Amino acid sequence: MSQKYAAVKGMNDLLPPDIAVWQHVERTARKTLLRYGFHEIRTPIVEDTALFVRSVGEGTDIVGKEMYTFDDKGGRSITLRPEGTASAARAYIEHAMHQKEAVTRWFYMGPMFRYERMKTGRYRQFYQLGVEAYGVAEPAQDVEVMECVMHWLQELGLKDVKLQVNSLGDETCRPAFAARVKEYFEAHREQLSPDALETLSKNPLRLFDSKEEALKPLIAKAPILFDSLDDASRNHFTEVTRQLSMLGVPYELNPRLVRGLDYYTRTVFEFIAADPVLGTASAVGGGGRYDNLISELGGPKTPAVGFAMGLDRLALLLNGRSDALQHRPDLFLVSVDAAAHDEVMRLARSLRHQGLAVEFDARAGSVKSQMKRADKSRAMYALVLGEKELAEQKGNLKPMREELPAREVQLEDLARVLKGLG
RNA sequence: GCGGUCUUAGCUCAACUGGCAGAGCACCGGAAUGUGACUCCGGGGGUUACCGGUUCAAGCCCGGUAGAUCGCCCCA
């Protein structure tokens, strides 16, 4: 099974019938997000490397070791986007959106790239759908964004996804808390693995995220961020949770929830699915508020909140439902001879123009082989055309999906009958 | 970046301690000649991931490479 060419490691082809689940996820997202007044944007897949370094953060793993970076022929360093928020923020600033409207609500979907070791639900080219809401500092915006995701997940029939929320505070209270956390873990250095020590020196809050069993008791006794929030951040967070409750959106407080990107302020949240098909990749999405990102990238001071969902992981969760989502042609036409095949082509063209999904086998061949093809196509009905049918202009419409008797129809009535039958 | 397991037909997998590489599914064709899916018969498909080594003989043993998969780090 030696192949001359294969897809690049960590990057996968998506083929039928699996693609049906993806289309379902995307279709449902577009429909739901539009109801909330979010509008789709498409940005380039590459950006200046500096944009990601600046926004995602110098000390993060993404920037430190996971970016696909290369020089183009003009000597510019460009990078395949590892996430979507930086590109959207750049577009927001570049197009001076703040001068055009007070509030901007965008969503995007598409491939992202990170050079990582693969495992279930994690690929080097993966797909995210993200939402960004700019211009609103009020907690209601955080809440609307979270509620919107829960709504979308519900439309997809994913009931077992939990929303976890936390507040990271902001630039006035977080540094002091980070220092307390560092101090706490420093005092227990001897219990830390080399990996953990590394994290401690780079970004102590991220220790909360560790999956090392040995660390768990230590994490459990660590200082709680909520106790260190200043009044503004505490009030913001309290209001976020009050409004979530008020709307009946189920959520859990997770005081250990931190996120891997540097730009988050105050509210952060994650969507967690317990389904074993995800392995240890239990987070299907996450997001938060990033009130400083736009100004850090050179734009005006603009509050913002957003999230990104991992579409690969949603697709994994929905794989069991692939069958019901497959396309079914309304009709498969079968010809007995050359004259009938001409009529099949004419009839197919006519019915397709009337909005019906109609297929036939361009190779013709035996009636039997065409019928097999009809079965494979998953068509609802098959119709065989031969000398008799052409002469009488009528034929037997045969149900393929269930055991029912065929029904005689005039060829000119086909479209009406098929639409009536559903 | 670190560690474990694995790689045989398009897919899922067989092949006793090294001894002629197989099955099911799928695909194609046929079974009174114009009706699928069920049944029966037949057919095409493989340098056993790749490179090298040991041996009279390697799918099987040894080394390397690539890929897949699981855990850690980290993340969607």
Side-chain angles (χ1 to χ4, degrees), chain A residues 1-4 6-12 15 56 59-66 82-85 109 111-130 149 193-199 202-203 206-207 209-215 258-261 270-273 276 278-287 307-317 332-337 340 361 363-379 381-390 395-403 406:
Chain A
M1 199 174 35
S2 80
Q3 243 112 37
K4 187 156 188 182
V8 171
K9 182 180 169 84
M11 308 198 181
N12 301 312
L15 306 177
V56 175
T60 60
D61 275 29
I62 292 177
V63 169
K65 59 183 190 188
E66 294 172 1
E83 58 105 44
T85 293
M109 58 176 93
M112 308 290 163
F113 302 84
R114 292 182 201 171
Y115 190 89
E116 290 185 282
R117 274 295 266 275
M118 293 155 52
K119 47 183 284 196
T120 304
R122 187 169 72 187
Y123 314 101
R124 289 182 175 178
Q125 174 172 337
F126 61 104
Y127 297 81
Q128 283 189 337
L129 181 148
V149 181
S193 67
D195 275 339
L197 285 170
E198 167 103 25
T199 307
K202 282 197 308 199
N203 190 348
R206 295 214 49 76
L207 280 172
D209 238 4
S210 173
K211 283 177 189 146
E212 286 182 46
E213 282 302 325
L215 218 50
V258 291
R259 309 245 330 129
L261 291 71
E270 254 176 35
F271 299 91
I272 311 286
L278 293 178
T280 53
S282 55
V284 294
F307 74 86
M309 294 295 283
L311 300 186
D312 306 79
R313 292 178 183 179
L314 290 187
L316 278 173
L317 291 174
F332 195 102
L333 290 168
V334 171
S335 60
V336 175
D337 53 33
D361 190 339
R363 300 170 303 181
S366 70
V367 169
K368 183 189 190 72
S369 68
Q370 291 180 68
M371 285 303 293
K372 283 187 177 177
R373 183 117 184 130
D375 186 56
K376 271 207 65 181
S377 78
R378 312 167 66 91
Y381 296 91
L383 179 65
V384 177
L385 291 186
E387 243 180 288
K388 179 163 170 284
E389 287 78 8
L390 293 196
N396 288 316
L397 193 59
K398 174 169 179 166
M400 298 295 281
R401 313 308 304 175
E402 47 199 342
E403 289 293 342

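The model shown is predicted, which means the values in this text are computed figures rather than measured ones. Below, chains carry the letters A, B, ... as their sequence lines are ordered, and counting in each starts from 1. We use all heavy atoms of the structure for the numbers below, so side chains are in, but hydrogens, waters and symmetry mates are not.
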Task: Value rounded to 0.5 Å, distance of CZ in A:R122 from CG in A:D312 - done: 12.0 Å

- [ ] Identify the heavy atoms of A:V334 and A:M371 that sit nearest to each other, and give their distance.
- [x] CG2-SD, 3.9 Å

Task: A:K376 side-chain N/O to B:rA37 phosphate OP1/OP2 under 4.0 Å - done: no

Task: Interatomic distance where CG belongs to A:L197 and P belongs to B:rC72 [whole Å] - done: 19 Å

Task: Pairwise P distance, B:rC2 and B:rG22 [rounded to whole Å] - done: 42 Å

Open item on the list: Tell me the closest heavy-atom pair linking A:F126 and A:F113, and the distance in Å.
Closed with: CE2-N, 4.0 Å

Task: Distance, C1' atom - from B:rC60 to B:rU48, rounded to whole angstrom - done: 10 Å

Task: B:rC27 and B:rC38, which share atom name P, separated by this distance in whole Å - done: 9 Å

TODO: Could you work out which one of B:rG34, B:rC74, B:rU35 sits closest to the side chain of A:M371?
DONE: B:rU35

- [ ] Please work out if A:V336 contacts a base, only the sugar-phosphate, or nothing of the nucleic acid, heavy-atom cut-off 4.0 Å.
- [x] base

- [ ] Find the partner of B:rU55: check Watson-Crick (N1-N3 plus N6-O4 or O6-N4) and G-U wobble (N1-O2, O6-N3) distances, both under 3.5 Å, and reply none if neither fits.
- [x] none

TODO: Please state the P separation for the pair B:rA58 and B:rA49 - nearest whole angstrom.
DONE: 15 Å

TODO: Determine the contact category for A:G10: base if any of its heavy atoms lies under 4.0 Å from a base atom, sugar-phosphate if only primed atoms, P, OP1 or OP2 are that close, otherwise nothing.
DONE: sugar-phosphate

Task: B:rG42: pairing nucleotide in any strand, Watson-Crick or G-U under 3.5 angstrom - done: B:rC28

Open item on the list: Among B:rG67, B:rA76, B:rG34, which nucleotide has an atom closest to any side-chain atom of A:K9?
Closed with: B:rG67

Task: Separation of the P atoms in B:rG64 and B:rU5, to the nearest angstrom - done: 13 Å

- [ ] Give a yes or no answer on whether the side chain of A:Q370 reaches the backbone of A:G365 with a donor-acceptor pair at less than 3.5 Å.
- [x] yes

Task: Between B:rC74 (C1') and A:M118 (CE): distance, integer Å - done: 16 Å

Task: Residue matched to B:rC60 through Watson-Crick or wobble contacts both under 3.5 angstrom - done: none

Open item on the list: Go nucleotide by nucleotide along RNA chain B from the 5' end; which of A:E402 and A:E270 gets its closest nucleotide reached first?
Closed with: A:E402

Task: Separation of B:rC11 C1' from A:L15 CG (nearest whole Å) - done: 14 Å

- [ ] Tell me what A:Y127 touches on the nucleic acid: a base, only sugar-phosphate, or nothing, going by heavy atoms under 4.0 Å.
- [x] nothing

Task: Complement of B:rG34, any strand, by Watson-Crick or G-U distances under 3.5 angstrom - done: none

TODO: Choose from B:rA76, B:rG34, B:rG29 the nucleotide whose nearest atom is closest to any side-chain atom of A:V384.
DONE: B:rG34

- [ ] Find the partner of B:rG22: check Watson-Crick (N1-N3 plus N6-O4 or O6-N4) and G-U wobble (N1-O2, O6-N3) distances, both under 3.5 Å, and reply none if neither fits.
- [x] B:rC13

TODO: Mind calculating the distance between CZ (A:F332) and P (B:rA37) to the nearest angstrom?
DONE: 14 Å

Open item on the list: Taking the P atom in each of B:rA68 and B:rU12, what is the distance between them to the nearest angstrom?
Closed with: 14 Å

Task: Distance, P atom - from B:rC61 to B:rU8, rounded to whole angstrom - done: 15 Å

Open item on the list: Distance check needed: B:rG34 C1' versus A:K368 NZ, whole Å only.
Closed with: 12 Å

Open item on the list: Between B:rC16 and B:rA76, how many Å separate the two P atoms, rounded to a whole number?
Closed with: 47 Å

- [ ] Consider the side chain of A:M400, meaning its heavy atoms from C-beta on, and name the nucleotide among B:rC74, B:rG34, B:rG36 that approaches it most closely.
- [x] B:rG36

Open item on the list: Measure CG/A:D375 against P/B:rG36 and give the value in whole Å, please.
Closed with: 10 Å

- [ ] Can you measure from CD (A:Q128) to CZ (A:R313) and round to the nearest 0.5 angstrom?
- [x] 9.5 Å

Open item on the list: Please determine whether a side-chain nitrogen or oxygen atom of A:T199 lies at a distance below 4.0 Å from atom OP1 or OP2 of B:rC74.
Closed with: yes

TODO: Determine whether any donor atom in the side chain of A:R117 lies under 3.5 Å from an acceptor atom in the base of B:rG71, or the reverse, and answer yes or no.
DONE: no

- [ ] Map A:Y115 and A:K119 onto RNA chain B by nearest heavy atom, then report which one ends up closer to the 5' terminus.
- [x] A:Y115

Open item on the list: Suppose we call a contact any N or O donor and acceptor under 3.5 Å apart; does that hold for the side chain of A:Q370 and the base of B:rG34?
Closed with: no

Open item on the list: If I compare all heavy atoms of A:P111 with all of A:Q125, which pair ends up nearest, and what's the gap?
Closed with: CB-NE2, 3.5 Å

Task: Watson-Crick or G-U counterpart of B:rG71, or none if no pair lies under 3.5 Å - done: B:rC2

Open item on the list: Within this structure, what is the CZ-CE distance for the pair A:R124 and A:M11, rounded to the nearest 0.5 Å?
Closed with: 7.5 Å

Open item on the list: Regarding B:rG36, can its base be found pairing with the side chain of A:K398 as donor and acceptor, where the two atoms are less than 3.5 Å apart?
Closed with: yes

- [ ] Please tell me if the side chains of A:L278 and A:V284 come closer than 4.5 Å, counting only heavy atoms from C-beta onward.
- [x] yes

Open item on the list: Just to be sure I understand the rule, does A:E389 reach a base, reach only the sugar-phosphate, or reach nothing, if contact means heavy atoms closer than 4.0 Å?
Closed with: base

TODO: Mind calculating the distance between NZ (A:K372) and P (B:rG30) to the nearest angstrom?
DONE: 8 Å

TODO: Specify the separation, in whole Å, of atom CZ of A:R401 and atom P of B:rC38.
DONE: 13 Å

- [ ] Could you tell me whether A:I62 contacts a base, only the sugar-phosphate backbone, or nothing, with contacts defined as non-hydrogen atoms closer than 4.0 Å?
- [x] nothing

- [ ] Scan A:E83 against the nucleic acid and name what it touches under 4.0 Å (heavy atoms): base, sugar-phosphate only, or nothing.
- [x] nothing

Open item on the list: Any base atoms under 4.0 Å from A:A283, or only sugar-phosphate, or nothing? Heavy atoms, all strands.
Closed with: sugar-phosphate

